[in-house]
J.: 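One structure follows; several queries about it will come next.
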Amino acid sequence: MIFFNLHTHSYTNQDDVIEIVNQYPQEFDNSIPNYSIGIHPWYIAENRIDSDLQIIESKLQDQNCKAIGECGLDKRIEISMALQQMVFEKQLALAEKYQKPVIIHCVGAFQEIIAIKKKMNISVPIVIHGFSKNIEMANQLVKNGFYLSFGKSLFQINDMDLVFNSVPNDRIFLETDTIDKDIKAVYEIASKYRNIESEVMKVIINANFDTVFK
């Protein structure tokens with residue numbers, strides 16, 4: 001059974017791994033077989049928002065484009081929240097139009113993300129990538145229909161095993177993002193925390209992949 005990597009910035013081309021490689025509109029690589037594409041809040045450039053969105057919309061019609069993102073909100077950067085929210089909402093509208101899942105980058109703005117999802121009545125699956133917060137936030141996000149993807153936090157944050165174990169099987173994904181570890185190492189620690197075999201973890205994640213990415 002395949003290992004599934006929800007979010008990575010590096011294409012490793014392994015036969016037993018399906019990885020969704022993050023791409024940016026202005027740096028698109030046609031050779032990558034499975035990808036997401038979006039405007040990351042860090043890289044919003046006002047003079048090219050429209051052109052970036054046009055590129056994204058064209059790629060969303062490609063079968064190899066599995067999701068829009070990473071996109072979202074980040075309260076630790078200098079770009080105004082108003083501008084971030086406008087760009088984020090435009091991408092959510094495209095996700096709805098083309099019925100593509102969304103991979104979210106969120107720093108300090110989970111309540112805003114939840115509120116926007118409700119306001120826009122978003123029906124497509126939304127995955128918070130790189131989740132590293134507490135059980136209460138995990139529960140609130142799951143209650144509001146989000147999926148949570150774990151990677152770096154499983155290796156670096158104390159008690160993250162408790163947070164990870166609090167999330168239902170049908171709401172989890174695993175990823176490498178930018179860490180210097182193979183996705184198989186992420187599966188190994190995730191399986192250890194859940195006290196299951198890696199093959200069982202594969203079954204869980206593959207089922208979620210089939211549900212979210214059809």
Side-chain angles (χ1 to χ4, degrees), residues 2-14 17-45 48-49 51-74 76-77 79 84 87-96 98-107 109-110 113 122 124-132 141 146-156 172-187 190 205 208-209 212-214:
I2 293 288
F3 291 91
F4 175 68
N5 188 348
L6 177 97
H7 178 76
T8 179
H9 292 260
S10 301
Y11 177 47
T12 61
N13 193 22
Q14 300 177 70
V17 178
I18 294 176
E19 49 200 358
I20 296 184
V21 180
N22 187 82
Q23 298 231 50
Y24 301 112
Q26 302 296 330
E27 303 172 3
F28 189 79
D29 183 349
N30 275 310
S31 70
I32 294 174
N34 297 292
Y35 64 88
S36 65
I37 186 168
I39 304 173
H40 192 294
W42 293 359
Y43 306 127
I44 293 172
R48 65 163 199 258
I49 290 171
S51 62
D52 281 355
L53 289 170
Q54 287 174 2
I55 293 170
I56 291 168
E57 183 163 15
S58 70
K59 298 303 180 186
L60 287 173
Q61 299 169 66
D62 176 8
Q63 187 175 1
N64 290 342
C65 179
K66 303 304 182 187
I68 191 164
E70 59 185 300
C71 57
L73 303 175
D74 192 324
R76 292 185 185 172
I77 61 177
I79 296 171
Q84 289 188 52
V87 174
F88 178 46
E89 291 185 1
K90 284 182 179 292
Q91 292 179 92
L92 288 180
L94 287 175
E96 279 291 305
Y98 293 99
Q99 288 295 290
K100 295 280 188 177
V102 184
I103 297 173
I104 296 288
H105 167 96
C106 182
V107 176
F110 289 103
I113 295 279
I122 300 299
V124 296
I126 301 180
V127 187
I128 305 290
H129 105 81
F131 188 75
S132 62
L141 288 164
F146 292 84
Y147 293 81
L148 305 181
S149 183
F150 295 82
K152 178 170 65 175
S153 64
L154 296 178
F155 298 93
Q156 297 183 348
I172 60 171
F173 283 101
L174 298 174
E175 63 177 64
T176 56
D177 193 12
T178 58
I179 60 173
D180 187 23
K181 290 185 183 293
D182 188 270
I183 189 63
K184 296 165 189 177
V186 182
Y187 271 74
I205 301 298
N208 294 343
F209 172 70
V212 170
F213 296 93
K214 296 181 173 62

J.: Would a 4.5 Å heavy-atom cut-off, applied to side chains only, mark F173 and H129 as touching?
T.: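 Result no, sub-4.5 Å side-chain heavy-atom pair not found.
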J.: Using the salt bridge (Lys or Arg N to Asp or Glu O under 4.0 Å) rule, collect all pairs that involve residues 17-35, keeping only residues at least two apart or in two chains.
T.: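 Applying salt bridge (Lys or Arg N to Asp or Glu O under 4.0 Å) to every pair that reaches into residues 17-35, excluding sequence neighbours, yields nothing.
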J.: For A190 and L154, which heavy atoms make the closest approach, and how far apart are they?
T.: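 The answer is CB-CD1, 4.1 Å.
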J.: Hey, what do you get for CZ (F213) to CD1 (I18), rounding to the nearest 0.5 Å?
T.: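 F213 CZ to I18 CD1: 10.5 Å, rounded to 0.5 Å.
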J.: Quick check for you: to the nearest 0.5 Å, what is the distance between I104 atom CD1 and H7 atom NE2?
T.: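 So the CD1 of I104 and the NE2 of H7 are separated by 11.5 Å.
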J.: If you look at every heavy atom in S36 and G69, which pair is closest and at what distance?
T.: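 Smallest heavy-atom distance, with atoms named: OG-O, 3.1 Å.
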J.: Determine the interplanar angle of the F4 and F209 rings, folded into 0 to 90°, and report it as parallel if under 30°, tilted if 30 to 60°, perpendicular if over 60°.
T.: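 Tilted: the ring planes of F4 and F209 meet at 30° to 60°.
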J.: How long is the gap from CG on N34 to CD on Q23, to the nearest 0.5 Å?
T.: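 Here the interatomic distance stands at 10.5 Å.
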J.: Taking the side chain as everything from C-beta on, heavy atoms only, tell me whether Q91 gets closer than 4.5 Å to I56.
T.: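 Yes, their side chains come closer than 4.5 Å.
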J.: Contact between F146 and I113 at the side-chain level, heavy atoms closer than 4.5 Å - yes or no?
T.: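 Of all side-chain heavy-atom pairs linking I113 with F146, at least one is under 4.5 Å.
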J.: Is the backbone N or O of I79 less than 3.5 Å from a side-chain atom of Q84, with the two atoms forming a donor-acceptor pair by type?
T.: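 Yes, Q84 side chain to I79 backbone: donor-acceptor pair under 3.5 Å.
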J.: Just by distance, do the side chain of N5 and the backbone of V17 share a donor-acceptor pair under 3.5 Å?
T.: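 No; judged by distance alone, with no hydrogens or angles, the pair does not exist.
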J.: If you take all heavy atoms of I68 and L94, which pair is closest and at what distance?
T.: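 Closest approach of I68 to L94: CD1-CB, 4.2 Å.
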J.: Below 4.5 Å, heavy atoms only, C-beta onward: do F88 and P41 meet side chain to side chain?
T.: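 Not touching, per the 4.5 Å side-chain cut-off.
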J.: Strictly distance-based, threshold 3.5 Å: is any side-chain N or O of K152 a donor or acceptor partner for the main-chain N or O of D177?
T.: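 No, because the side chain of K152 does not come within donor-acceptor range (under 3.5 Å) of the backbone of D177.
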J.: Is the centre of the Y35 ring less than 6.0 Å from the centre of the F28 ring?
T.: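 Judged by ring-centre distance (under 6.0 Å), Y35 and F28 do meet the cut-off.
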J.: On a heavy-atom basis, which atom in F131 and which in L141 lie closest, and how many Å separate them?
T.: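 Looking at all heavy atoms of both residues, the closest pair is CE1-CD1, 3.5 Å.
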J.: Using every non-hydrogen atom in the two residues, find where F155 and G151 come nearest and quote the distance to one decimal.
T.: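 Here F155 and G151 meet closest at CD1-O, 3.6 Å.
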J.: Can you tell me if Q99 uses its side chain to pair, donor with acceptor, with the backbone of E96 under 3.5 Å?
T.: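 Checking the backbone N and O of E96 against the side chain of Q99, a donor-acceptor pair under 3.5 Å is found.
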J.: Could you state the interatomic distance from OH (Y187) to CG (D182), rounded to the nearest 0.5 Å?
T.: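 So the OH of Y187 and the CG of D182 are separated by 11.0 Å.
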J.: Find out whether E175 and V186 are in side-chain contact, i.e. whether some heavy atom of one side chain is under 4.5 Å from a heavy atom of the other.
T.: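 Contact flag for E175/V186 side chains = no.
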J.: Drop me the distance from N64's CG to I37's CD1, to the nearest 0.5 angstrom.
T.: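 Output value for this atom pair is 12.0 Å.
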J.: If we only count heavy atoms from C-beta on, is the L6 to K66 side-chain gap below 4.5 Å?
T.: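 Heavy-atom side-chain distance check fails, nothing below 4.5 Å.
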J.: Between L73 and A109, what is the shortest heavy-atom contact and its length?
T.: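 L73 and A109 have their closest heavy atoms at CB-CB, 3.8 Å.
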J.: Are there more than 12 heavy atoms of other residues, nucleotides or ligands under 6.0 Å from atom CD of Q61?
T.: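 Yes - once you tally the heavy atoms of other residues, nucleotides and ligands closer than 6.0 Å, there are more than 12.
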J.: Which value, rounded to the nearest 0.5 Å, describes the distance between I126 atom CD1 and C71 atom SG?
T.: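 Reported value, rounded in 0.5 Å steps: 8.5 Å.
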J.: Do S51 and Q26 have side chains that get closer than 4.5 Å, going by heavy atoms?
T.: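 SC-SC contact between S51 and Q26 confirmed.
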J.: Apply side-chain contact (heavy atoms from CB on, under 4.5 Å) to the pair Q14 and I2, showing each step before the final yes or no.
T.: CA-CA 10 Å; Q14 300 177 70; I2 293 288; over 6 Å; no
J.: Got a sec, which residues hit side-chain contact (heavy atoms from CB on, under 4.5 Å) with T178, two or more places apart in sequence or on another chain?
T.: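 If we apply the side-chain contact (heavy atoms from CB on, under 4.5 Å) test to T178, skipping adjacent residues, the hits are H9.
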J.: With the side chain counted from C-beta on, respond yes when T176 and K181 share a heavy-atom pair under 4.5 Å apart, and no when they do not.
T.: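 No - every pair of side-chain heavy atoms lies 4.5 Å or more apart.
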J.: Could you check whether atom NZ of K184 has more than 12 heavy atoms from other residues, nucleotides or ligands sitting under 6.0 Å from it?
T.: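 Yes, the 6.0 Å shell around NZ holds more than 12 heavy atoms from other groups.
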J.: Return yes if some donor-acceptor pair links the side-chain N/O of E70 with the main-chain N/O of G38 below 3.5 Å, else return no.
T.: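 Pair absent, no side-chain N/O of E70 close to backbone of G38.
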